[in-house]
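Let me begin by presenting the structure, written as structure tokens, before commenting on it.
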Number of protein chains: 2
Amino acid sequence: MTTLTKSQIKRKALVEATIELVNNSGFHAAPMSKIAKMANVSPATIYLYFENKQDLVNKVYIEVKAAFTEYAFATYDPKMDVEKGFEIIWKRIADFKLKECEEAMFLAQCDNTPIIDEPSRQEGIKHLQPLLDLWERGRKEGRIKPLSDYILYAYAINPLSFLMIMQKRGAFQLDEDHLEEAYQSAWSSIKK
Amino acid sequence: MTTLTKSQIKRKALVEATIELVNNSGFHAAPMSKIAKMANVSPATIYLYFENKQDLVNKVYIEVKAAFTEYAFATYDPKMDVEKGFEIIWKRIADFKLKECEEAMFLAQCDNTPIIDEPSRQEGIKHLQPLLDLWERGRKEGRIKPLSDYILYAYAINPLSFLMIMQKRGAFQLDEDHLEEAYQSAWSSIKK
DNA sequence: TAAAAAAGAATGAACGTTCATTTTTTGTCT
DNA sequence: AGACAAAAAATGAACGTTCATTCTTTTTTA
């Protein structure tokens, strides 16, 4: 249990308010004044923690992405068998997307729009390296199809984002059975 | 060759300017004044064709989605064999996403953010019915896995959006070989 | 009590939208 | 066909609002 200083609490409130407002209204309808109000803070206070609105969104993106990948790889060990490693990572990602739904929605929005600047996007990608390493090993061992990382990601990981968004919009319910089906689809699309 | 009236030309210019600006800058950084300038039109003129900015974006979304699905199903015939039908549709969709890249980017952005209102989103979904019908038939004939439409879409169709965006960002090149690999992944993830 | 943090009010710029005019098109009459 | 008037389309400037950001003052912390 890490106790937060008052400063850290305020900053966290700002980050959460940003995520919620951008998720529900979009960047264009998430003014600093509303973010401040939602975080119970004066608009001016935001500028003690962030340079400007762009900086705020960039930093929220990078931090959420870091939290996402940390969660994704928390129970993974590079010494694991390729198939087992992939299953572990995939299921942790699924977990995150369903449980930390707000954060995941925010990432999806950033990944599909120009609201994040290019350096922040690059910074966010870095953290995926363990997965790319796993795939590289899998290809070398002949256990994973010799496809580019982008195609593997498109078929094995990204579908979860689509399902999470549909779930968030109430279009359908992603239960345990669905999740297992989805995992099987994911694995069968990359396994040799 | 359908000849357009002056009105239709102006409206078309507005639609294209909207797509380009929203793609490159995001909704929040696509002011009416810029859209007007890019379409060589006065800001006031936009309001002769659209009620307001929200209406403009909604209508652009619906029209682009309609063009997308019309293209997707243009060479498809419901009497086709399930596998052939899927291949035809999938490849047309891939074609569209790579050739009409701007339009496809715009759709991806709308589908992953709250910039479109709910009725317009529903309207856009309707046009996908032929694909859902094909899948329903495929399930009945035992040729397609008994998965929900959302999961089928997530694994068979949506990955193309991710690949298209990566391609647009210059991250990698989606050539003929990649495309065939992607198609095989798509089909193998839904076939029984 | 000095310094740091936070606040609310203020500021100028930029936005979406409207208004008063001008320009273009259309239809009619010669 | 050409002249003209009514209607429609289009315009640039202007409006009120809202925004991101800053400034000055107050509150909290050390």
Side-chain angles (χ1 to χ4, degrees), chain A residues 2-62 106 109-110 113-117 120, chain B residues 2-62 106 109-110 113-117 120:
Chain A
T2 50
T3 51
L4 302 178
T5 65
K6 259 190 177 170
S7 261
Q8 290 171 318
I9 289 171
K10 277 210 167 124
R11 192 183 187 283
K12 193 153 176 284
L14 281 168
V15 168
E16 280 165 7
T18 302
I19 292 170
E20 187 174 335
L21 264 168
V22 170
N23 273 355
N24 297 326
S25 317
F27 186 86
H28 69 289
M32 297 298 254
S33 55
K34 274 194 195 172
I35 294 174
K37 196 163 283 177
M38 186 171 280
N40 281 313
V41 139
S42 158
T45 303
I46 301 181
Y47 293 86
L48 298 174
Y49 296 89
F50 304 96
E51 282 173 41
N52 50 44
K53 194 179 178 183
Q54 185 65 59
D55 180 54
L56 166 63
V57 179
N58 286 342
K59 288 200 169 128
V60 172
Y61 174 76
I62 290 174
F106 181 80
Q109 190 166 168
C110 292
T113 64
I115 66 180
I116 293 299
D117 65 21
S120 304
Chain B
T2 49
T3 52
L4 302 178
T5 66
K6 261 190 178 171
S7 261
Q8 289 171 318
I9 289 171
K10 278 212 166 122
R11 193 183 186 285
K12 194 155 175 285
L14 281 168
V15 168
E16 281 165 6
T18 302
I19 292 170
E20 187 174 336
L21 263 169
V22 170
N23 273 355
N24 297 326
S25 317
F27 185 87
H28 69 288
M32 296 299 254
S33 55
K34 273 194 194 171
I35 294 174
K37 196 163 282 176
M38 187 171 279
N40 281 314
V41 139
S42 159
T45 303
I46 301 181
Y47 293 85
L48 299 175
Y49 295 89
F50 304 96
E51 282 173 42
N52 48 45
K53 194 180 178 184
Q54 184 66 59
D55 180 56
L56 166 64
V57 179
N58 286 342
K59 288 199 168 126
V60 172
Y61 174 76
I62 290 173
F106 181 80
Q109 190 166 168
C110 292
T113 64
I115 66 181
I116 293 301
D117 64 20
S120 304

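Below, chain A is the first sequence line, B the second, and so on; all start at residue 1.
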_Checking the side chain of B/Gln54 only, and the main-chain atoms of B/Ile115 only, is there a donor and an acceptor separated by less than 3.5 Å?_
yes
*State whether the side chain of B/Asp55 and the backbone N or O of B/Phe50 hold a donor-acceptor pair below 3.5 Å, judged by distance alone.*
no
_Within this structure, what is the CG-OG1 distance for the pair B/Asn23 and A/Thr113, rounded to the nearest 0.5 Å?_
11.0 Å
Atom [atom1] of [X] and atom [atom2] of [N]: how far apart are they, to the nearest Å?
X: B/Gln54; N: C/dC15; atom1: CD; atom2: P; value: 18 Å
X: B/Tyr47; N: D/dG12; atom1: OH; atom2: C1'; value: 15 Å
X: B/Asp55; N: C/dT18; atom1: CG; atom2: P; value: 12 Å
X: B/Met32; N: D/dC19; atom1: CE; atom2: P; value: 17 Å
X: B/Asn40; N: D/dG12; atom1: CG; atom2: P; value: 11 Å
X: A/Leu48; N: C/dA4; atom1: CG; atom2: P; value: 13 Å
X: B/Phe50; N: C/dT18; atom1: CZ; atom2: P; value: 16 Å
X: A/Lys53; N: D/dT18; atom1: NZ; atom2: C1'; value: 11 Å

_If you assign each of A/Ala44 and A/His28 to its closest nucleotide in DNA chain D, which residue comes earlier from the 5' end?_
A/His28
*Write down the atom of B/Ala36, the atom of B/Ser42, and the distance for their closest heavy-atom approach.*
CB-C, 3.8 Å
*Phosphate OP1/OP2 of C/dA7 contacted by A/Thr45 side-chain N/O (<4.0 Å)*: yes
*Does B/Lys10 have a side-chain nitrogen or oxygen under 4.0 Å from the phosphate oxygens OP1 or OP2 of D/dA10?*
yes
*Using a cut-off of 4.0 Å on non-hydrogen atoms, how would the nucleic acid contact of A/Tyr49 be classed: base, sugar-phosphate, or nothing?*
sugar-phosphate
